[in-house]
Amino acid sequence: MADALKIGLAGLGTVGASLARILTTRANELAVTCGRAIEITAVTARDRTKDRGVDLSRVAWFDTAEEMAEKADIDVFVELMGGAEGSADRSVRAALGRGLHVVTANKALLARCGVELARIAEEKGVLLNFEAAVAGGIPVIKALRESLTGNSVSRVYGIMNGTCNYILTRMEKEGLSFEACLKEAQRLGYAEADPTFDIEGNDTAHKLAILTTLAFGTEIAADEIYLEGISNISIEDIHAAADLGYRIKLLGVAQRTESGIEQRVHPTMVPHDSVIAQVDGVTNAVAIESDILGELLMVGPGAGGNATASAVLGDIADIAKSQPGAQRVPVLGTPAARLEPYRKAQMQSHEGGYFIRLTVLDRAGVFASVATQMAQNGISLESIVQRANGGTPSDAKTIILVTHATMENSVRKAVDGIKAGNYLSGEPQVIRIERPKAL
Ligand SMILES: NC(=O)c1ccc[n+]([C@@H]2O[C@H](COP(=O)([O-])OP(=O)(O)OC[C@H]3O[C@@H](n4cnc5c(N)ncnc54)[C@H](OP(=O)(O)O)[C@@H]3O)[C@@H](O)[C@H]2O)c1
């Protein structure tokens, strides 16, 4: 049997400690499947005294991840600390620079400087694996990077934040407000004390930026993503969506269009009978549409110690089985030096269906004025419904419109025109509709 593969583990938190436990308890099985033993020989975390639920007493302890990356007797540097900058960034660069393979679950780091890190890994002839960085345990990186080789991808989209999906599911199932569901998510440990990063869509955006690069062979462009979170989704929107045969999900969508590549994260209405609409709670899902395969949808746990460690373990096993000096799969699917510049499709030219909810004063002519604004902007309507409003002000009514495929620019102009009519009694709500191809 070949020499053991020596692992340096930076981070012993939710994912790192799970990984350490699995590597210890499954050591024999892993040695058989990988053809060599996998051993943790070095670790680092902030607090040396904390119980990690695994015996690491015979493993070399390093006070910093940078020192471990530079000096430890290891073959693979596994970064499970998190953070787009600082120690994670410095230690990963040091490990790659030293010619070590690297495995990370750090989407924030990859979204910020993944292309640069891929370039270093490719120059050094080492692997930089990051399956756990997107949708936790779902093997979407491998699918895009390896299994779909030769396919031309037209769209990749998904539910990639369990916190948001949990909140939206509870709102729908129990008729609770966004605030009440967020509090419950925090109590159950599904949401951080400061949930902004999740609920405003930034976390999904990091993951989407990585998927876009793998799908379309363009440089990572996390700052170019159109972003809308779920905090202004109301229970009225959820009910109206249900009445119209839709459910609301926070989707990250990357799509090839004639004018460039769209990257957007926003609350989205998906048809009730689509498979992705059935993905509830903290579960994640990623769909890939490509010319040869057609439509692929993967559903599974997007977070959690074991599920995420499972993806990290798969990355480590790939390294254990790889031959020194062998041809490597490019880190981002396309060699870093050959990634194309990202060409952004402007959001104004996004084409799709729209749900528009207006709270209007109960005056003669309002309904006709709304319809006129739509017509003047060339928007054709699938449905338009007016309802009495239970809330205040007492003379308010709700108008709900669903459009056929139209341009974002036209919808924005129509909504501006409606606002100028001075008959709205609240901010208009606009939610984009996304239709899966077949599933
Ligand atoms: N949790 C998930 O479900 C999940 C899912 C997908 C991806 N990820 C990614 O996996 C990574 C780890 O997440 P996690 O949830 O395991 O985080 P976590 O529970 O907060 O653990 C972080 C670990 O890193 C250590 N650490 C932090 N800063 C350090 C530093 N400067 N030097 C040395 N050690 C340091 C901490 O040490 P102490 O324990 O001593 O404080 C802790 O052990 C992140 O990139 C995250 O985005 C997590």
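Just follow the structure's listing: the first ligand is 1, and inside any ligand the first atom is 1.
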ask   = Below 4.0 angstrom, N of the basic side chain to O of the carboxylate: do Glu122 and Arg338 qualify?
value = no
query = Is a side-chain N or O of Asn284 found less than 3.5 angstrom from the main chain of Gly300, in a donor-acceptor match?
reply = no
query = Between atom CG of Leu214 and atom NZ of Lys142, what is the distance when rounded to the nearest 0.5 Å?
reply = 13.5 Å
query = Is Val15 in polar range of ligand 1, meaning some N or O pair under 3.5 Å apart?
reply = yes
Flag for Ser234-Arg357: side-chain donor and acceptor within less than 3.5 Å = yes
task = Specify the protein heavy atom at minimum distance from atom 10 (O) of ligand 1: its residue, its atom name, and the distance to 0.1 Å.
result = Ala105 CB, 3.4 Å
ask   = Any donor and acceptor pair, going by atom type alone, linking the side chain of Glu67 with main-chain N or O of Glu70 inside 3.5 Å?
value = no
query = Is the shortest distance from atom 17 (O) of ligand 1 to a protein heavy atom below 4.0 Å?
reply = no
inquiry  = Ignoring hydrogens and geometry beyond distance, is a side-chain donor-acceptor pair present between Tyr190 and Glu184 at under 3.5 Å?
reply    = no
request  = With Val103 as reference, evaluate Leu19, Leu127, Ile316 under the side-chain contact (heavy atoms from CB on, under 4.5 Å) test and give the passing residue.
outcome  = Ile316
For Arg52, atoms of ligand 1 separated by under 4.0 Å from a heavy atom = 38 (P), 39 (O), 40 (O), 43 (O)
request  = Identify, for atom 30 (C) of ligand 1, the protein heavy atom at the shortest distance, and state residue, atom and that distance.
outcome  = Met81 SD, 3.7 Å
request  = Just jot down the ligand 1 atoms closer than 4.0 angstrom to any heavy atom of Ala132, in number order.
outcome  = 6 (C), 7 (C)
ask   = For Lys107, is at least one N or O under 3.5 Å away from an N or O on ligand 1?
value = yes
ask   = In ligand 1, which numbered atoms sit nearer than 4.0 Å to a non-hydrogen atom of Ala303?
value = 3 (O)
message = Check whether Arg170 reaches the backbone of Cys181 with its side chain - one donor and one acceptor, N or O, closer than 3.5 Å.
response = no
Any donor-acceptor N/O pair, Thr268 side chain to His266 backbone, under 3.5 Å = yes
ask   = Against heavy atoms of Ser87, which atoms of ligand 1 measure under 4.0 Å?
value = 31 (N)
inquiry  = If we set the cut-off at 4.0 Å for heavy atoms, which region of Ala45 has an atom near ligand 1: side chain, backbone, both, or neither?
reply    = both
request  = Go through ligand 1 atom by atom and flag the ones less than 4.0 Å from a non-hydrogen atom of Leu80.
outcome  = 12 (C), 22 (C), 23 (C), 24 (O)
request  = Please check if the side chain of Lys249 supplies one atom and the backbone of Val279 the other of a donor-acceptor pair under 3.5 Å.
outcome  = yes
message = Show the atoms of ligand 1 that are less than 4.0 angstrom away from any heavy atom in Gly304.
response = 2 (C), 3 (O)
key: Region of Glu131 that comes within reach of ligand 1 [heavy atoms, distance under 4.0 Å]   = neither
ask   = Got an N/O contact under 3.5 Å between Gly16 and ligand 1?
value = no
query = Quick one: does Glu295's side chain have a donor or acceptor within less than 3.5 Å of a partner on Ile288's backbone?
reply = no
inquiry  = Using a 3.5 Å cut-off on N or O atoms only, is Leu12 in polar contact with ligand 1?
reply    = yes
message = My question is simple, although I want it checked carefully: is atom 39 (O) of ligand 1 less than 4.0 angstrom from any protein heavy atom?
response = yes
query = Does any N or O atom in Gly13 lie less than 3.5 angstrom from one in ligand 1, N or O only?
reply = yes
